[in-house]
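The sequence lines fix the lettering, A, B, ..., with proteins before strands; numbering per chain opens at 1. No hydrogens, no waters, no symmetry mates; every other heavy atom, side chains included, goes into these values.
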Protein chains: 4
Amino acid sequence: MNPRSKSERPLKERLREAVRGEILAAAQRVFGLRGLGAAKMEEIALAAGVSVGTLYNHFEDREALLQALLDEKRQKSRARLDEVLERTRSAPFREQLTEFLRATVENFIEHRALFTMLAEDEMRGGKGRLRSQAALKEVTARYQQLVDRGLEQGALRPQDSALYAPLLLGFLRGLFMQSTWDETLPLSPELVESMVRIFLEGAGTRT
Amino acid sequence: MNPRSKSERPLKERLREAVRGEILAAAQRVFGLRGLGAAKMEEIALAAGVSVGTLYNHFEDREALLQALLDEKRQKSRARLDEVLERTRSAPFREQLTEFLRATVENFIEHRALFTMLAEDEMRGGKGRLRSQAALKEVTARYQQLVDRGLEQGALRPQDSALYAPLLLGFLRGLFMQSTWDETLPLSPELVESMVRIFLEGAGTRT
Amino acid sequence: MNPRSKSERPLKERLREAVRGEILAAAQRVFGLRGLGAAKMEEIALAAGVSVGTLYNHFEDREALLQALLDEKRQKSRARLDEVLERTRSAPFREQLTEFLRATVENFIEHRALFTMLAEDEMRGGKGRLRSQAALKEVTARYQQLVDRGLEQGALRPQDSALYAPLLLGFLRGLFMQSTWDETLPLSPELVESMVRIFLEGAGTRT
Amino acid sequence: MNPRSKSERPLKERLREAVRGEILAAAQRVFGLRGLGAAKMEEIALAAGVSVGTLYNHFEDREALLQALLDEKRQKSRARLDEVLERTRSAPFREQLTEFLRATVENFIEHRALFTMLAEDEMRGGKGRLRSQAALKEVTARYQQLVDRGLEQGALRPQDSALYAPLLLGFLRGLFMQSTWDETLPLSPELVESMVRIFLEGAGTRT
DNA sequence: CATGAATGAGTCTTCATTCAT
DNA sequence: AATGAATGAAGACTCATTCAT
């Protein structure tokens, strides 16, 4: 009944978690700075303030570290979308759509480097792509939920409705990549208003 | 006078061009198959039916070979867009837009792997990104030409018009990437009709 | 308190130094055996009993390893000359000169292969030549110190005195190279006596 | 009895000789500029205005080209020394020595790069060293002839006389190398006077 | 003979991973 | 559990030499 016994394990675990967090944070910085292919384990270790060996005490190998990092990011993104979906459940569709896109855009602005990494990861073969596809399915499902609500509310036309979710998603993905190089396209939250208007009303002068 | 004089020089040049072509074709296959980072010079040489050394007789280094390949592709894409732009000069805007998007989509379907490579190249640092940005500017300019015609014809609303070109482009880019993993989104030419309709008329029930 | 604390750090450092020493010794053998241009990193690693990678953990690249080796040699040579210069400070000039030349000759006999490497390094372009020139300046300065003492003592004629230092140095360098191929010219310490006599008194029958 | 038959062969031969000369001249430039190890066959061909293949039509391989170049140089040097030896046969020894050294120095000034190449070649293993040693023997023999004349004339002391030839030769070699890096040691013909005086009379204040 | 593209063995260098301390 | 030196397979690139035209 040593009183330390109660806290000792959690202490060690908390320390271990702290190191893991440092490593992930360092990995994010280095992968973002150098690119997924060029980032070196040694530099990540240096940035995390640990030795290379420690990296391997916490993660199976380089790929596992990368996927852990990306998975964490994907999960946070999903959670944020879920939160918006939940919060705006009873709002008018236009507002739901605006809020949803705004959340996505803000999410992107906040973690621009990570989105780039996610995209880059998708372009490579191997496990990364599989996880990306799985993650994509989940995100698409949330967009589909949004679209379904629009259809239920009668705010969206049934025609072409199967396209709406992938279109919105592709729409955003394309904009993100575009904005990475084209600085004349500022990813301001105001942009969302225009996106919503064009999606709902079109760009043409006639219906 | 010498009958050989007419053909001799071109002969060697043609041979050289033929080998260069073989190498580029092999590079396209291997880079596409393995990814930009994982493709090995040795495999490219093998696929081209030449030795490694020959690769370096035709291209400065690995990066130069890759960029030559991508540049060639970018140029062909631009040429195709120019051709459509020219051919539909006097057609109604909706038709111009449809043709333009259809050309882009067909182009993509035909060279799917290369688009992936172009996208992947953009995600890496270095010269590749610079060339991508330059190429992107040229493509965006062509989309802007199309949009300008729509505005002149009164077929597009001036509001948000600055967004139209990047939006259309981002739109397509996003769809292409999406379609790479999502097989429920077939990139059929028919898709273009829906895209045009949504862009011009919107997805909402009210204009 | 911890008894290890006193020795632990030095232990790893000593180990590291030991490996570095092994590598330098192996490099000396292999560079000497094969020549500066033909020595292979793999053979050096083999000779040192380590793997190629370890070579690069201790030295930036092949050239850095070579220069580290030569620098070490140059420094030891300078130290030896300084020691003689100091020890014979108050002796008659003829004895100083004899001791100084004897030290140089013995140094050469002892590390013949390295002198060859130093000479070979000087003939190549790049950083090697610069370091050689810098080292040469320092050695020449020591010869100049010796000559200055001779002049102060009135043992050397002021006429042509500017030539004495480079002449003595060139003299020895030439003899060393000569002796490398001409086995009829044994670089015995006795040779030094003759050299001193000829330098001081000349070879002619009349003054 | 075609009249061309008399000149046709010599014509072809003369052309062939001309090409060979161009190649050797180009090789001299490139080997001198890049160093014996770094000079590339392609650059030599370019400098000679021929194709690489032609290099191999005239010389067995790279080493043969290099040795042909050096042999040519060695032979010219020997011829010059022989000429001086012959011309000054009946002059006083001091004049003979002065002329001989002057010829060597001028020879060096004129073909500085080649001397560097000769020296560099000696430092490498293989056939080059053997040819160098052979050539050195011949040059030493000429120096020995000169020394013998000095002894016959009673102008040189018999003591240490076996050293004189190698000493003079080493003397010059060292000076040449020295002058390559030390620009405070100009290899002017005037230098020869001092060299002769020091060799004959010594640098000491007493004989 | 000249040409110059093709060849491919040979080297350096990198870096993820291991493991003794 | 942390450390960081050692490992060695892998891959880009070089360049002397060959040979079909």
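Leu69(D) approaches Leu24(D) most closely through the heavy-atom pair CD1-O, 3.6 Å.
Taking only side-chain atoms of Ser51(D), from C-beta outward, the nucleotide of dA6(F), dA6(E), dA2(E) with the closest atom is dA2(E). Proximity note for Thr54(D) (side chain, C-beta onward) versus dG8(F), dA2(E), dA2(F): the nearest is dA2(E). You'll find that the side chain of Val50(A) is closest to dT3(F), out of dT7(F), dT3(E), dT3(F).
In this structure, CD1 of Ile44(B) is placed 11 Å from P of dC13(F), rounded to the nearest angstrom. Between the C1' atom of dC13(F) and the CG atom of Leu65(B) lies a distance of 13 Å, rounded to the nearest Å. Taking atom CD of residue Glu43(A) and atom P of nucleotide dT14(E), one finds them 14 Å apart after rounding to whole Å.
Evaluation of the ring pair (Phe, Tyr, Trp, His ring centres under 6.0 Å) rule for Phe115(D) yields Phe108(D), Phe176(D) as partners, not counting sequence neighbours. For Tyr56(C), there are no ring pair (Phe, Tyr, Trp, His ring centres under 6.0 Å) partners, not counting sequence neighbours. For Glu43(D), the side-chain hydrogen bond (donor to acceptor under 3.5 Å, both in side chains) test picks out Arg34(D), with sequence neighbours left out. In terms of the side-chain hydrogen bond (donor to acceptor under 3.5 Å, both in side chains) criterion, residue partners of Asp71(B) (sequence neighbours excluded) are, by chain and number, Arg74(B), Arg131(B). By the side-chain hydrogen bond (donor to acceptor under 3.5 Å, both in side chains) test, Glu120(B) is found to be paired with no residue, residues two or more places apart in sequence or in another chain being considered. With sequence neighbours excluded, no residue forms a side-chain hydrogen bond (donor to acceptor under 3.5 Å, both in side chains) with His58(B).
Between Leu15(C) and Val19(C) there is no side-chain heavy-atom pair separated by less than 4.5 Å. Using a 4.5 Å cut-off on side-chain heavy atoms (C-beta onward), Asp121(A) and Gln67(A) make contact.
Among residue pairs with one or both ends in residues 55-68 of chain D, those qualifying as salt bridge (Lys or Arg N to Asp or Glu O under 4.0 Å) are Glu63(D)-Arg124(D); sequence neighbours excluded. Residue pairs meeting the salt bridge (Lys or Arg N to Asp or Glu O under 4.0 Å) criterion with at least one partner in residues 16-31 of chain D, sequence neighbours excluded, are absent.
Between His58(A) and dA2(F) there is a side-chain polar atom (N or O) within less than 4.0 angstrom of OP1 or OP2.
Residues from residues 25-33 of chain B placing a heavy atom under 4.0 Å of any atom in DNA chain F do not occur.
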Heavy-atom contacts, protein to nucleotides 16-21 of chain E, under 4.0 Å, summarised as B (base), S (sugar-phosphate only) or - (none) per nt, yield SBB---
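Remark: DNA chain F forms stems of 3 or more consecutive Watson-Crick or G-U wobble pairs, all pair distances under 3.5 Å, at E:2-21 with F:2-21.
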